[in-house]
Amino acid sequence: MLLEELNDALLIRVEHVKLDAAQAASFRTELSEAVAGHRRVVLDMSNVKYIDSSGLGALIGVLKTMESGGVLRLVHCTSTVQKVIQLTRLDRVFPSYETLEAALAG
């Protein structure tokens with residue numbers, strides 16, 4: 001993961017190609033540590049080509065560990081990842097944006 005502070009938000013570039021059962025636990029731990037103390041987090045998902053329920057569970061788990069009122073936004077989701085998020089209706093929980101500027105403004 002690559003971290004970058006942007007004004008009052010934290011941008012995290014996810015380097016995993018797959019977020020499945022094999023990576024979910026370590027991803028959740030790593031991401032939880034990275035978001036500690038941040039209320040606004042944007043995940044750049046451009047490298048992620050596949051996500052399953054374990055990967056989605058990791059995202060939900062991280063969101064629950066964030067401070068009250070914390071927001072976790074997604075940017076640059078591939079069409080496959082976006083489709084899974086929409087099918088599971090998690091697009092209501094994790095807003096997804098096409099550009100970093102829109103995610104930061106969102």
Which atoms form the tightest heavy-atom contact between Val84 and Leu56, and what is the distance?
CG1-CD1, 3.8 Å
Joint cluster assignment, Val14 & Leu63, ILVMFWY side-chain distance < 4.5 Å
yes
For a quick test of reading the model, state the closest non-hydrogen atom pair linking Ser32 to Val62 and the distance between them.
OG-CG2, 3.5 Å
Side-chain donor or acceptor of Asp44 paired with backbone N/O of Ile12 under 3.5 Å:
no
With clusters defined by side-chain heavy atoms of hydrophobic residues (ILVMFWY) lying less than 4.5 Å apart, directly or transitively, does Val93 cluster with Val35?
yes
In short, Cys77 meets Gln82 closest at the heavy-atom pair CB-OE1, 3.6 Å
CG/Leu72 to CE/Met66 distance, rounded to the nearest 0.5 angstrom?
6.0 Å
Using the rule that Ile, Leu, Val, Met, Phe, Trp and Tyr join whenever any side-chain heavy atoms are under 4.5 Å apart, tell me whether Leu90 and Val41 fall into a single cluster.
yes
I'd like to know whether Val42 forms a side chain to side chain contact (heavy atoms under 4.5 Å, CB included) with Leu104, so could you lay out the CA-CA distance, the side-chain angles of the two residues, the decisive distance to 0.1 Å, and finally the verdict.
CA-CA 7 Å; Val42 177; Leu104 291 171; 4.0 Å; yes
Quick one: do Lys49 and Lys18 satisfy side chain to side chain contact (heavy atoms under 4.5 Å, CB included)? Show the steps, please.
CA-CA 6 Å; Lys49 307 300 181 218; Lys18 288 184 174 183; over 6 Å; no
Return the set of residues passing ring pair (Phe, Tyr, Trp, His ring centres under 6.0 Å) with His16 (not counting sequence neighbours), or none when no residue passes.
Phe27
Hydrophobic cluster membership, Leu10 vs Leu6, 4.5 Å side-chain cutoff
no
Rounded distance [0.5 Å steps], CG in Asp52 versus CD in Gln23:
9.0 Å
Contact summary for Ser46 and Thr78, nearest pair of heavy atoms
O-CG2, 4.0 Å
Which pair of non-hydrogen atoms, one from Ala34 and one from Leu3, has the smallest distance, and what is that distance?
CB-CD2, 3.9 Å
Compare every heavy atom of Met1 with every heavy atom of Glu15, then report the nearest pair and how far apart it is.
OE1-N, 3.0 Å
Is it the case that the side chain of Arg28 and the backbone of Ile60 share a donor-acceptor pair, with hydrogens and angles ignored and the cut-off at 3.5 Å?
no
Is there a side chain to side chain contact (heavy atoms under 4.5 Å, CB included) between Leu43 and Leu59? Walk through the geometry before answering.
CA-CA 10 Å; Leu43 289 181; Leu59 292 177; 3.5 Å; yes
Compute whether any side-chain donor of one residue and acceptor of the other, for Glu5 and His38, lie under 3.5 angstrom apart.
yes
What do the steps show when you test Leu19 against Tyr50 for side chain to side chain contact (heavy atoms under 4.5 Å, CB included), and what is the final call?
CA-CA 6 Å; Leu19 290 178; Tyr50 176 82; over 6 Å; no
Spacing of CD1 belonging to Ile51 relative to OG1 belonging to Thr88, to within rounding of 0.5 Å
8.5 Å
Between CD on residue Gln86 and CZ on residue Arg89, distance to nearest 0.5 Å
11.0 Å
What's the separation between atom CE in Met45 and atom OG in Ser96, rounded to the nearest 0.5 Å?
8.5 Å
Give a yes or no answer on whether the side chain of Asp91 reaches the backbone of Phe94 with a donor-acceptor pair at less than 3.5 Å.
no
Counting heavy atoms not belonging to Glu4, are there more than 12 under 6.0 Å from its CD?
yes
Backbone N/O of Ala103 and side chain of Arg73: donor-acceptor pair under 3.5 Å
yes
Would you check if the side chain of His76 reaches a backbone N or O of Thr99 as a donor-acceptor pair within less than 3.5 Å?
no
